[in-house]
Amino acid sequence: MVGLTGRVTGTVGPGLVGEVIVRIRGGAEHFLAYPALGEERIETGRVVTVVEYLPPRTVYVTAAYDR
């Protein structure tokens, strides 16, 4: 999981439980998401990179590209 990219489907930010969709195992799966950098806010539609994975369905992400 770590190093995979995904797309935000529910805003990720401080105090929020966001959601991302990641292509994995020949399909796409949704995961609960938190910001890897505590104060980062990542809006819906942004591409993210998974930096930590907590089984079974939680990831910590950071924005893959600067805007």
Side-chain angles (χ1 to χ4, degrees):
M1 285 293 299
V2 174
L4 294 179
T5 58
R7 187 164 304 272
V8 176
T9 56
T11 302
V12 176
L16 300 174
V17 178
E19 184 181 60
V20 297
I21 188 167
V22 178
R23 290 201 172 278
I24 185 169
R25 296 186 278 267
E29 297 182 21
H30 288 266
F31 293 86
L32 299 177
Y34 296 93
L37 306 173
E39 298 303 313
E40 186 176 26
R41 183 177 178 90
I42 309 168
E43 300 296 330
T44 301
R46 296 280 310 268
V47 176
V48 293
T49 300
V50 176
V51 295
E52 188 173 349
Y53 169 61
L54 301 174
R57 313 268 339 141
T58 302
V59 293
Y60 284 80
V61 298
T62 188
Y65 310 106
D66 290 332
R67 276 200 166 182

Taking atom CZ of Arg23 as the centre, does the number of heavy atoms from other residues, nucleotides or ligands within less than 6.0 Å exceed 12? no
Is there a donor-acceptor pair under 3.5 Å between the side chain of Thr9 and the backbone N or O of Glu19? yes
Working to the nearest 0.5 angstrom, can you tell me the gap between [X] [atom1] and [Y] [atom2]?
X     : Y     : atom1 : atom2 : answer
Leu16 : Arg41 : CG    : CZ    : 5.5 Å
Tyr53 : Thr58 : OH    : OG1   : 8.5 Å
Thr49 : Tyr65 : OG1   : OH    : 7.0 Å
Leu4  : Glu29 : CG    : CD    : 10.5 Å

When you group the ILVMFWY residues by side-chain heavy-atom contacts below 4.5 Å and let the links chain together, are [Y] and [X] in the same group?
X     : Y     : result
Val22 : Ile42 : yes
Val59 : Val47 : no
Met1  : Val48 : yes
Leu54 : Val17 : yes
Val50 : Tyr34 : no

Residue pair Val12 / Pro35: nearest heavy atoms and the distance that separates them: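 Nearest pair, atom of Val12 first, then Pro35: CG1-N, 3.4 Å.
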Step by step, work out the side chain to side chain contact (heavy atoms under 4.5 Å, CB included) result for Val20 and His30. CA-CA 6 Å; Val20 297; His30 288 266; over 6 Å; no
